[in-house]
Amino acid sequence: QQQVKQSPQSLIVQKGGIPIINCAYENTAFDYFPWYQQFPGKGPALLIAIRPDVSEKKEGRFTISFNKSAKQFSLHIMDSQPGDSATYFCAARGSNDYKLSFGAGTTVTVRA
Amino acid sequence: DVKVTQSSRYLVKRTGEKVFLECVQDMDHENMFWYRQDPGLGLRLIYFSYDVKMKEKGDIPEGYSVSREKKERFSLILESASTNQTSMYLCASRRTGDQPQHFGDGTRLSIL
C-alpha cells in the first residue's frame, strides 16, 4: 500500500500553462517532502523539497504548496516550457527514517 | 558533483539465473538504496544499507538480496530470476542526516 498518493497519472499543458500535481499522505510522522524530476533514460533528480513548518516554497518556476492540516502538498510549474516535460515524483520521509516513500509519479507533457 | 554509476544500462537474463546488479558511488556516502520502478507504481524500495555490511529490508525484498562489502559499492542480487522481476532498477546514495538521495540512471532488466 502506497503511503503517498499522487495524482494525476499524466497531464498535458500548453507552453506557458501551469501544471499542478497533487500528493496526499496519512503518516503524521512524515516531516520532509521532496519532489524529484525524471527525464527519459535518466534517474530521478531532486527538484525541490519542503518541511511542514512552511506553507509554500519557491525555486525558480517551481512552487510547492503544503497544507499540514489536510496532509496534502502540491507542485506547481509556473510558465511551463517544453523542457519541463518529464515524470515528477513526490515523496515523504520521517525525521528518523532512512527511506523515502514515493508517489506513483506524474508524466507531464508541455506542448510548444 | 555526486556520481552514482550503475554497471549496466540494459541487461537480458533467463529465468532461474542468478543476476548481479552493481552500483558504485564516488562521494563517500554512508547510505545506499536499491529501488525498482514500474509504471503506475512509482519507486519501491527493495533494500537499503546505512553503512558497510549493514542492510535492511525495504518494502519488496522477496526474491532479492544485497551485499555491501565496501562503502562505495552496493550490489543487488536476484537469487533465481523470474519474469516478474523484469523492471527498471535504480540505485541511490546519500550522506547520513538531512541530505537528499542521488540516483543512478538505472538498469533496465529483462528476464526471459
Side-chain angles (χ1 to χ4, degrees), chain A residues 1-11 21-25 27 30-54 57 59 62 64 75 86-108, chain B residues 1-10 21 23-25 29-51 54-61 66 68 74 87-108:
Chain A
Q1 185 181 0
Q2 278 193 304
Q3 295 199 59
V4 179
K5 294 189 179 351
Q6 181 173 349
S7 63
Q9 188 171 357
S10 64
L11 62 95
I21 307 169
N22 299 298
C23 289
Y25 64 97
N27 188 341
F30 287 157
D31 70 350
Y32 173 70
F33 302 89
W35 286 87
Y36 280 80
Q37 179 188 53
Q38 184 181 31
F39 293 108
K42 295 292 187 181
L46 180 67
L47 184 64
I48 185 174
I50 196 168
R51 292 197 177 275
D53 52 347
V54 297
K57 183 174 181 179
E59 281 189 12
F62 298 91
I64 302 178
L75 178 70
T87 299
Y88 294 82
F89 294 95
C90 61
R93 189 188 76 211
S95 58
N96 295 321
D97 276 343
Y98 289 97
K99 58 181 186 176
L100 286 168
S101 295
F102 282 87
T106 297
T107 300
V108 173
Chain B
D1 210 17
V2 177
K3 185 90 173 150
V4 178
T5 303
Q6 295 185 230
S7 55
S8 304
R9 292 302 304 272
Y10 301 94
L21 302 184
C23 175
V24 176
Q25 50 95 2
H29 286 171
E30 293 85 7
N31 307 155
M32 296 188 74
F33 306 82
W34 274 107
Y35 295 88
R36 64 177 282 176
Q37 180 178 5
D38 299 288
L41 295 177
L43 279 69
R44 292 180 292 165
L45 183 65
I46 304 171
Y47 266 97
F48 67 101
S49 168
Y50 48 91
D51 209 339
M54 309 304 285
K55 60 186 179 184
E56 285 200 21
K57 294 180 180 178
D59 299 317
I60 52 164
V66 290
R68 187 142 180 232
F74 192 33
S87 187
M88 170 69 82
Y89 289 87
L90 290 163
C91 175
S93 73
R94 73 167 190 141
R95 195 170 300 284
T96 295
D98 195 17
Q99 299 297 319
Q101 292 187 19
H102 299 268
F103 284 84
D105 287 337
T107 295
R108 186 164 292 283

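Letters go in sequence order (proteins before strands), and every chain restarts at 1.
Under the 4.5 Å side-chain criterion, counting only non-hydrogen atoms from C-beta, Gln38(A) is not in contact with Phe103(B). Annotation: side chain of Met32(B) is in contact with side chain of Gln25(B) (closest heavy-atom distance under 4.5 Å).
Taking the six-membered ring for Trp and thresholds of 30 and 60 degrees, Phe33(B) and Tyr35(B) have nearly parallel ring planes, at less than 30 degrees apart.
The list of salt bridge (Lys or Arg N to Asp or Glu O under 4.0 Å) pairs with a residue in residues 40-51 of chain A, not counting sequence neighbours, reads Asp31(A)-Arg51(A), Lys42(A)-Asp105(B), Arg51(A)-Asp98(B).
In this structure, no portion of Arg108(B) lies under 4.5 Å from any heavy atom of chain A. With a 4.5 Å cut-off on non-hydrogen atoms, Pro34(A) does not touch chain B at all. Both the backbone and the side chain of Tyr98(A) come within contact range of chain B, judged by heavy atoms closer than 4.5 Å. The contact between Gln99(B) and chain A is made entirely by backbone atoms, counting heavy-atom distances below 4.5 Å. Of the two parts of Leu43(B), the backbone and the side chain both hold a non-hydrogen atom closer than 4.5 Å to a non-hydrogen atom of chain A. Proximity to chain A is absent for every atom of Arg44(B), based on heavy atoms less than 4.5 angstrom apart. Using a 4.5 Å cut-off between heavy atoms, Gln37(B) contacts chain A through its side chain alone, with no backbone atom that close.
The two atoms that bring Phe33(A) and Pro52(A) nearest to each other are CE1-CG, 3.8 Å, heavy atoms only.
Under 3.5 Å, the side chains of Asp38(B) and Ser87(B) contain a donor-acceptor pair of N or O atoms.
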